[in-house]
Amino acid sequence: MNSIASLLHQETGPLTRDLLLRAGGFGLGQVPERLAPDATTTMVCGYCSTGCGLNVHLKNGEAVSLTPSTDYPVNLGMACPKGWEALSVLNAADRATTPLLRNSSGRLAPVDWPTALSTFVSRFRDIQHRHGPESVAFLSTGQMVTEEMALLGSLAKFGMGMLHGDGNTRQCMATAAVAYKQSFGFDAPPYTYADFEESDTIVLVGSNLCIAHPIMWERVMRNRHKPNIIVVDPRRTETAMNAGLHLPAFPKSDLALFYGVARELIARCWIDRAYLERHTAGFDAFATFVDAFTIDRVCAETGLSPAAIDEFTRLIYEGRRVSFWWTMGVNQSHQGVRTAQALINLALMTGNIGRPGTGANSITGQCNAMGSRLFSNTTNLLGGRDFTDAEQRREVATVLQIDESRIPRQPSWAYHEILEGILRGSIHGLWVVCTNTSHSWINQTFARDVLGRLDFLVVQDMYASTETVAQAHLLLPAAGWGEKDGTFINSERRVGVVKKVRRAPGQALADFAIFRLIADAWGCGDLFKNWTSPAAAFEFIKQLSRGLPCDMTGIRDYQHLDQSGGIQWPYPEGTSSAETQRRLFEDGRFYFDEGRARFLFEAPRPLPEPTNAQYPLLLLTGRGSASQWHTQTRTAKSAVLRKLYPHSLHVEVNPQDANDLGIKPHERVVVESRRGALHAYAFFTTAVPVGQVFLPMHDAQTNLLTDAVFDPYSKQPAYKACAVRVLKVALGT
Ligand SMILES: Nc1nc2c(c(=O)[nH]1)N[C@H]1C(S)=C(S)[C@@H](COP(=O)(O)OP(=O)(O)OC[C@H]3O[C@@H](n4cnc5c(=O)[nH]c(N)nc54)[C@H](O)[C@@H]3O)O[C@H]1N2
Ligand SMILES: Nc1nc2c(c(=O)[nH]1)N[C@H]1C(S)=C(S)[C@@H](COP(=O)(O)OP(=O)(O)OC[C@H]3O[C@@H](n4cnc5c(=O)[nH]c(N)nc54)[C@H](O)[C@@H]3O)O[C@H]1N2
Ligand code: SF4
Ligand SMILES: [Mo]
């Protein structure tokens, strides 16, 4: 068998070989020797946060096929189309196989790694020299392994002197993270997937489980208690169609709805007084506050009938095990944090937390959103700590064996503040890793204009054809899922392993190796000399979690995770439990010193961009099908997946609105907001209410329309409601 050194030599030439050997050579060579050439090995899927276990079958040391694992405690033998097709998208022709540098004629042209690294260093150093260390920032992700996130966050902030770095988790999970932190004292989703099967009442809010988390929906289908399923969603989604009660509340009126339901529960004495007294703080003030949310008011604001609200209230009261779940319909809102907390409040006041089948449960999105929330060193200091706390900075410095003065004393700007910083001229260099800003960020015209102003934009991606790469000065080619080692943390806090089961194409390297090479080239490699591999980085992550709610010090190593079907945190040293389903707050103690959860609430605020005569329709955006992933860099590469979704952009419109506009089914129309316009085919469906339209986020044009509004606490973009109009296409266009 070829040694790694000779393989590297064959593939890359001597200078690169030296560099790569220093970085550990990840991404190149064959699968690790611990895997037999014809082995079958289990790893976690690299798309959504469900975190299904997939058995990957190798032949001659390369993955050839996969099947869902039957004994992984998450998916029990099931996978959705994306999971089944996870390997095929890795062979795409547009994979980034070599670094690309924009040349004097404005084209991206191949360069070797040494040139890429020295350009990276000289351009960013030059910017920092002229404008200060804070003038270079980074944007990271919820889709790399935790080991890579922790290395990137540490390298950028402790090694390269950056202050500002955020991630696409801001677009997705910031609201849930802040809501939990404020209510429970730590960002801790309390549930385990078995709760889908244990509940007798399942409330899904702004969550289209059938499309976005199909295997979680399968877990609901396995529930033997014939649960009442209640879906709160303006649209009659695939999930709503399967619910016993669908509440099509007007967009962003959820807050009023939940306050009204709280008022009813209190008025009817349908609350758990004993739980409130023992385990919570602030209930009395909350009860006084919600008194203003009369049924009349709530009906007027939500558009729901008194009977529907009564039935919802009664189902919550009658359920013995009620679970409340939410996703982007809540998080992506101008009042997302308070809406999430209104759900938390309902769970607390009815004692529906800490028991099987209960909980106020944020469903995460990306495969490693939870890893990013805790270990990306962006919004929080590593481990969910606080950059402003001297003691917590000391803890991190001690574990990482670095000088404490290297750790910034202030938190980073949020994503939109970084973009505004570029516009103001305080940020001149940006490093975008594993996210596609020029498609997914809100209000694209602004976003692209801002990225276009940078002195130097580095994009690190698996594919050379993304919208953000098109704006980059330098592309660093990355290995993807299946081509590298590490761990993800799924929605139910389960740490699971991903493995290198095939070679990355060309000179693409694992992000981990790229970060190590950059550390060396920057001259701060010594700080990371012990981060020799993802497994070594995992040891740091474990130590960083010690004593925190997310303590993982009892996890021995990757093999331990492998043998256990993943392990949910907390799992402190000395834990011997072989339990595969673990939930939080069983003892009613929350993470504040006094141990009590807090009731938080605030008056609802009006829609930032209400409809008017000129823009009479409200646009919602979100996931279009179970076979499309985000900006489509990966899923569009599978011939199988491409058969499962529409190829042209469709806007979902209610037939009544279409009729008023004189539009025929499948007619090409213009959808226009104050910020931009796009062409789409009209798809008639009563699934969207009159006065609303829906566009999937998977088309890069959708965010031409969205309005850059943010929740004030989480700074998460409100992708899901802005005013638009639909017009017939003028003849000749
Ligand atoms: N197939 C597929 N699966 C995915 C993804 C993907 O791209 N494709 N992405 C993953 C990621 S990162 C995420 S974050 C999740 C997202 O998962 P979801 O949040 O379930 O998906 P979305 O379609 O974005 O939004 C859910 C619903 O919110 C509703 N909604 C909009 N406004 C409101 C409102 O004001 N109130 C209420 N109650 N509902 C509202 C929308 O009509 C929509 O049906 O999916 C994950 N899974
Ligand atoms: N209108 C609208 N916009 C939305 C949303 C919405 O509901 N509506 N949802 C928002 C949400 S919840 C999310 S999470 C975001 C997602 O937005 P993005 O993060 O921009 O979407 P992805 O397509 O997942 O982008 C990931 C990028 O990383 C690359 N990549 C994949 N694996 C690797 C890897 O291992 N290493 C490296 N270096 N690169 C890799 C992919 O090729 C891709 O370019 O979109 C947000 N935007
Ligand atoms: S449900 Fe999510 S984790 Fe499971 S196979 Fe599909 S994309 Fe992968
Ligand atoms: Mo997301």
Side-chain angles (χ1 to χ4, degrees), residues 44-52 54 68 74-75 78-84 86 96 141-145 148 167-169 171-173 204-209 211-216 218 231-235 237 239-240 247 249-254 257 326-333 339 363-367 369 433-442 459-463 466-469 476-481 483-484 490 510-511 514 620-635 688 692 694-698 702-703 705-706 717 719-721:
V44 173
C45 174
Y47 284 106
C48 88
S49 62
T50 308
C52 296
L54 303 173
V74 166
N75 51 317
M78 301 175 281
C80 83
K82 295 185 297 303
W84 278 102
T141 185
Q143 293 178 62
M144 289 189 309
V145 294
E148 292 174 341
N168 63 8
T169 350
Q171 292 157 279
C172 183
M173 285 300 141
L204 291 161
V205 183
S207 172
N208 192 2
L209 221 54
I211 293 289
H213 300 93
I215 302 308
M216 292 193 202
E218 293 297 331
V231 168
V232 184
D233 194 312
R235 299 188 303 138
T237 59
T239 315
L247 299 170
F250 189 73
K252 312 308 147 206
S253 69
D254 309 67
L257 172 63
W326 80 84
T327 321
M328 290 307 119
V330 170
N331 283 0
Q332 293 172 342
S333 153
T339 307
I363 300 172
T364 55
Q366 304 169 78
C367 47
V433 183
C434 197
T435 184
N436 191 2
T437 306
S438 305
H439 175 141
S440 61
W441 189 250
I442 200 160
V459 175
Q460 187 166 319
D461 205 286
M462 287 170 67
Y463 297 95
T466 78
E467 291 86 357
T468 317
V469 171
L476 302 177
W481 172 90
E483 298 166 345
K484 54 187 185 175
N490 78 354
D511 295 287
I514 299 176
L620 304 189
T621 66
R623 275 75 199 154
S625 77
S627 305
Q628 286 164 293
W629 181 256
H630 293 165
T631 74
Q632 285 276 68
T633 63
R634 287 195 271 172
T635 35
V688 290
Q692 296 174 37
F694 177 82
L695 280 169
M697 64 162 299
H698 312 296
T702 296
N703 278 320
L705 307 182
T706 47
Y719 285 106
K720 294 215 189 310

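Atoms within a ligand are numbered from 1 in the order they appear, just like the ligands themselves.
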Colleague: Side chain, backbone, both or neither: which part of Thr633 has a heavy atom under 4.0 Å from ligand 2?
Modeller: side chain

Colleague: Check for me whether Met173 has a heavy atom closer than 4.0 Å to any atom of ligand 2.
Modeller: no

Colleague: Using a strict 4.0 Å cut-off to heavy atoms of Pro251, name the atoms of ligand 1 that fall inside it.
Modeller: 35 (O)

Colleague: Suppose I only count heavy atoms of Gly51 and a 4.0 Å limit; which atoms of ligand 3 are within that range?
Modeller: 3 (S)

Colleague: Would you mind telling me if ligand 2 is within reach of the side chain of Asp461, the backbone, both or neither, using heavy atoms under 4.0 Å?
Modeller: both

Colleague: Nearest protein heavy atom to atom 40 (C) of ligand 2, by residue and atom, and its distance?
Modeller: Cys434 SG, 3.2 Å

Colleague: Considering heavy atoms of the protein only, find what lies nearest to atom 32 (N) of ligand 2 and give residue, atom and distance to 0.1 Å.
Modeller: Met462 SD, 3.3 Å

Colleague: Looking at Tyr47, which atoms of ligand 3 are within less than 4.0 Å of one of its heavy atoms?
Modeller: 7 (S)

Colleague: Measuring from non-hydrogen atoms of Ser625 to any atom of ligand 1, is the shortest distance under 4.0 Å?
Modeller: yes

Colleague: Take every heavy atom of His698, measure it against each atom of ligand 1, and state whether any distance is under 4.0 Å.
Modeller: yes

Colleague: Strictly under 2.8 Å, is atom 2 (Fe) of ligand 3 approached by any N, O or S atom of Cys48?
Modeller: yes

Colleague: Do any nitrogen or oxygen atoms of Gln628 come within less than 3.5 Å of a nitrogen or oxygen of ligand 1?
Modeller: yes

Colleague: Output the list of atoms in ligand 1 that are nearer than 4.0 Å to some heavy atom of Thr237, sorted by atom number.
Modeller: 44 (O)

Colleague: Any N or O on Lys720 sitting closer than 3.5 Å to an N or O of ligand 1?
Modeller: yes

Colleague: Quick check: does Cys80 put an N/O/S atom under 2.8 Å from atom 6 (Fe) of ligand 3?
Modeller: yes

Colleague: Report the part of Met697 in contact with ligand 2, treating N, CA, C, O as backbone and CB onward as side chain, heavy atoms under 4.0 Å; options are side chain, backbone, both, neither.
Modeller: side chain

Colleague: Checking a contact table here: which protein heavy atom is nearest atom 9 (N) of ligand 2, and how many Å away?
Modeller: Gln332 NE2, 3.1 Å

